[in-house]
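A short write-up of the structure that comes next.
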Amino acid sequence: MVRKIGVLTSGGDAPGMNAAIRAVTRIALNNGIEVVGVHNGYRGLLEGTFESMDRRDVSDILDRGGTKLGSARLPEFKEPEIQEKCIRNMKREGIEALVVVGGDGSYRGALALTKQGINCIGLPGTIDNDIPGTDFTIGFDTALRTCVENVDKLRDTSSSHHRCHIVEVMGNHCGDLALYTAISCGAELVVTPETGYNELEVLEKLRYLGDAVRKKHAIVIISEKICDVDALARKVSQQTNFSGRATVLGHIQRGGSPTATDRMLASRMGEKAVDLLMEGIGGHCVGIIENQISSMPIDEALGRPRASRKHLYRLFDRLV
Ligand code: ADP
Ligand code: F6P
């Protein structure tokens, strides 16, 4: 039976990570398992920045964005010598197993540690919703709420001034945040890695909306890392009837108090992680699939294609 576990948050932070830390800590303590918080992701394993956690250490964090433990990226964690040093530090601290809250990069680190004898469980924590093995990640719903609140505001001013607002949202290489925002806000156009990007087509569509449909304003939601939205807005002003403006929502999407949906998800996933470790299982990741909490081996999850969003792109097209 596992006696002491660690918990860390890794990669880009996401609202709801604190709720996951709280759930792991409280549920483990309630089962007689000691808990160590590891600061700043895998960097904390390397530097030995550990914090023994009691139930009060996770009081008043459920509603807080960010992560109490800090998060970081440690590229050198891929090197076997660095992993061995981390394992030595964990053993010295008596940490027998670990819960890692992060994205697919963090999952790979968790798998590497499991292969070297430290059972690890991955929880999907990222606003990008880009992790295989789950329908939704912790943080996505809150980021979506932020996007929707902001785009609704942009629509107000956009309609007063008959403008086209190009709004860039995060998501890394996944279009979910853009697609869900576009549907929720009634955008005129959505551009994501899944739709592909053709500047001429975007301008043509906006000319059509301005000239033929006689729309007075338009909202275009575009995933990050696709194009220079300021340059696109200038072309919109030059080549269509709309005056173009660009807004990059940026890191605001990573902050804020988590929604109840994210708090629930993180609490349910945290519970599952502790249950798996108590069963002696490692190298798994937790997911929610068709509203059921489940788990599968990390290497199986990483090899799986993500569920298709074709039906949602079709819905978007049918709503415009
Ligand atoms: P995310 O977990 O959000 O995908 P990253 O891809 O930046 O974010 O990964 C977070 C951290 O996970 C990295 O900084 C590194 O410490 C660790 N990591 C990423 N890929 C690997 C890998 N292939 N092997 C071991 N550790 C990895
Ligand atoms: O993975 C979360 C995320 O916010 C992505 O959406 C974005 O591309 C990236 O992290 C930004 O990273 P950083 O915090 O290093 O700027």
Side-chain angles (χ1 to χ4, degrees), residues 5-28 35 37-41 53 55 57-73 98-107 110 120-150 169-172 174 176-177 180-181 184 249-276 285-289 291-295 301:
I5 65 169
V7 55
L8 63 79
T9 48
S10 167
D13 66 349
M17 280 184 162
N18 277 326
I21 295 167
R22 173 180 178 271
V24 168
T25 303
R26 290 262 167 101
I27 292 165
V35 181
V38 180
H39 292 181
N40 305 323
M53 309 268 272
R55 67 184 318 285
D57 290 317
V58 291
S59 297
D60 294 330
I61 63 167
L62 183 60
D63 59 338
R64 302 269 305 274
T67 156
K68 169 196 162 67
L69 292 173
S71 190
R73 297 190 172 100
L98 185 69
V99 178
V100 172
V101 190
D104 54 349
S106 305
Y107 277 15
C120 293
I121 300 296
L123 300 189
T126 166
I127 65 163
D128 298 333
N129 211 36
D130 62 346
I131 307 191
T134 187
D135 291 342
F136 292 104
T137 57
I138 298 166
F140 175 71
D141 188 64
T142 308
L144 176 61
R145 180 193 62 189
T146 301
C147 291
V148 168
E149 277 173 8
N150 282 284
V169 305
M170 281 187 168
N172 202 10
C174 173
D176 279 13
L177 203 47
Y180 280 66
T181 302
S184 304
L249 290 185
H251 287 80
I252 199 170
Q253 295 160 93
R254 291 243 295 261
S257 178
T259 59
T261 299
D262 272 332
R263 296 180 202 191
M264 285 294 299
L265 188 61
S267 302
R268 295 174 75 191
M269 287 182 164
E271 175 187 44
K272 181 73 175 177
V274 176
D275 286 346
L276 289 167
C285 54
V286 176
I288 186 162
I289 297 175
N291 208 27
Q292 297 296 313
I293 298 292
S294 56
S295 72

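Given the structure is predicted, the values throughout are model-derived calculations rather than measurements.
- Contact detail for G103 and I131: the closest heavy-atom pair is CA-CD1, 3.4 Å.
- Contacts of N172 classified as side chain to side chain donor-acceptor pair (under 3.5 Å), with partners at least two apart in sequence or in another chain: K225.
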Candidate pair M170 and L249, rule side-chain contact (heavy atoms from CB on, under 4.5 Å), full reasoning: CA-CA 8 Å; M170 281 187 168; L249 290 185; over 6 Å; no
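- Shortest non-hydrogen contact noted between G16 and A266 is O-CB, 3.4 Å.
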Evaluation steps, side-chain contact (heavy atoms from CB on, under 4.5 Å), between V35 and V58: CA-CA 11 Å; V35 181; V58 291; over 6 Å; no
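- Contacts classified as salt bridge (Lys or Arg N to Asp or Glu O under 4.0 Å) and involving residues 61-71 (residues at least two apart or in different chains) are given here: E51-K68.
- Applying the side-chain hydrogen bond (donor to acceptor under 3.5 Å, both in side chains) rule to pairs touching residues 17-28 yields R26-S59, sequence neighbours excluded.
- Annotation: side chain of L276 is in contact with side chain of V286 (closest heavy-atom distance under 4.5 Å).
- Counting only residues at least two apart or on different chains, the salt bridge (Lys or Arg N to Asp or Glu O under 4.0 Å) pairs with a member in residues 251-261 are D13-R254.
- Counting heavy atoms from C-beta on, the side chains of T261 and R145 never come closer than 4.5 Å.
- The closest donor-acceptor contact from the side chain of S71 to the backbone of G41 lies at 3.5 Å or more, if one exists at all.
- Residues forming a side chain to side chain donor-acceptor pair (under 3.5 Å) with D141 (at least two apart in sequence, or on another chain): T259.
- In terms of heavy atoms, G65 sits closest to P258 at N-CD, 4.0 Å.
- Between atom SG of residue C285 and atom NZ of residue K272 there is a gap of 11.5 Å, rounded to the nearest 0.5 Å.
- The side-chain contact (heavy atoms from CB on, under 4.5 Å) test applied to D60 returns no partner, not counting sequence neighbours.
- Annotation: side chain to side chain donor-acceptor pair (under 3.5 Å) contacts of S257 (sequence neighbours excluded): R263.
- Listed by chain and residue number, I127, L177 satisfy the side-chain contact (heavy atoms from CB on, under 4.5 Å) test with A143 (two or more places apart in sequence, or in another chain).
- Between the CD1 atom in I293 and the OG atom in S267 there is a gap of 10.0 Å [rounded to 0.5 Å].
- Scored by the side-chain contact (heavy atoms from CB on, under 4.5 Å) test, T146 finds N150, I252 as partners (sequence neighbours excluded).
- The heavy-atom pair separating P15 from G255 by the smallest distance is CG-O, 3.8 Å.
- Separation of atoms CG (L144) and CD (E149) is listed at 10.0 Å; rounding is to 0.5 Å.
- Counting only distance, with no hydrogens or angles, the side chain of T9 and the backbone of G70 share a donor-acceptor pair below 3.5 Å.
- Annotation: the span from I5 atom CD1 to I27 atom CD1 amounts to 10.0 Å, rounded to 0.5 Å.
- The line from CZ of R268 to CD1 of I138 is 11.5 Å long, rounded to the nearest 0.5 Å.
- In this structure, CD1 on I289 lies 6.5 Å from OG1 on T134, to the nearest 0.5 angstrom.
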side-chain contact (heavy atoms from CB on, under 4.5 Å) between I21 and M53, worked out: CA-CA 10 Å; I21 295 167; M53 309 268 272; 3.7 Å; yes
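- S106 and V100 make their closest contact through CB-CG1, 3.8 Å (heavy atoms, listed as atom of the first residue, atom of the second, distance).
- With sequence neighbours left out, N129 forms a side-chain contact (heavy atoms from CB on, under 4.5 Å) with F136, T137, F140, D176, R306, R309.
- Judged purely by atom type and a 3.5 angstrom limit, D262 uses its side chain to pair as donor or acceptor with the backbone of G139.
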